[in-house]
Amino acid sequence: MPHINDRNQILFFLLCFLTVFYVIFSSIYGLDNIDSGFILSFIGRIDAGQTLYKDFDLVRPFGNVIFWDLLLKVISKDSHYLLLISRFIFVLESLLISFFLMKIANVTQYYKIYTLLIFFLFIHYFKLMPWHTVDGIFFGVIAIYFCQRKYFLSSIILSLIAASSKQS
């Protein structure tokens, strides 16, 4: 890992503090009546035995509902910590987006990954929740990374998943 000078180190720790503050603040005061829990509510309907597009209409892409349903299969949907766990997974997904973008751009200073993560978290004006736009970017970025590495079949599959996850 390259040497980080004092100014960058101070900025890095400030960004770490702001991120922790933002995640805690969002976890406590992050509930709203607009779209928070949108994907989680559809996962609950699927778990209740309803069929997508037969029993209910989905105005957003279906891929992210399937992705999050599979991802959250190990967690009880009645868990009191479901919102917190889904927010943690969202932050992890944002970190992976940042990591793969740095790999694609061939950036060797990995502390910059964190700066890009902060950009994703703070520019996302909705609460930290599963969100179809972020899912589409997540799969699209990994597809580009695999395409660069000449894993074309994986890239095509991930591109199709991205297309089923991203609302145009």
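Rounded to the nearest 0.5 angstrom, I66 CD1 and I43 CD1 are separated by 10.5 Å. Atom CG of L52 is separated from atom CG of D69 by 10.5 Å, given to the nearest 0.5 angstrom. Taking CG of D55 as the start and CZ of R45 as the end, the distance is 8.0 Å to the nearest 0.5 Å. Taking CG of L101 as the reference point, atom CD1 of I137 lies at 9.0 Å (rounded to 0.5 Å). In this structure, OG on S165 lies 7.5 Å from CZ on F67, to the nearest 0.5 angstrom.
Residues passing the ring-ring contact (aromatic ring centres under 6.0 Å, His included) test with F138, sequence neighbours excluded: none. By the ring-ring contact (aromatic ring centres under 6.0 Å, His included) test, F56 pairs with F42, sequence neighbours left out.
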Compile the donor-acceptor pairs under 3.5 Å between side chains in residues 144-161 and protein atoms, sequence neighbours left out, one pair per line.
residue: Y145; atom: OH; partner: R149; partner atom: NE; Å: 3.4
residue: Q148; atom: NE2; partner: I104; partner atom: O; Å: 3.4
residue: S155; atom: OG; partner: A143; partner atom: O; Å: 2.8
residue: S159; atom: OG; partner: S155; partner atom: O; Å: 2.8

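Looking only at distances, no side-chain donor or acceptor of D57 sits under 3.5 Å from a matching main-chain atom of Y53.
Considering only heavy atoms from C-beta on, L96 stays 4.5 Å or farther from V141 through its side chain. Side-chain contact between L58 and V65 is present, with at least one heavy-atom pair separated by less than 4.5 Å.
Taking both residues in full, the closest heavy atoms of P61 and S164 are given as CB-O, 3.0 Å, listed atom of the first, atom of the second, then distance.
Ionic pairing of K73 and D47 is present here: one or more N-O contacts between side-chain nitrogen and carboxylate oxygen are shorter than 4.0 angstrom.
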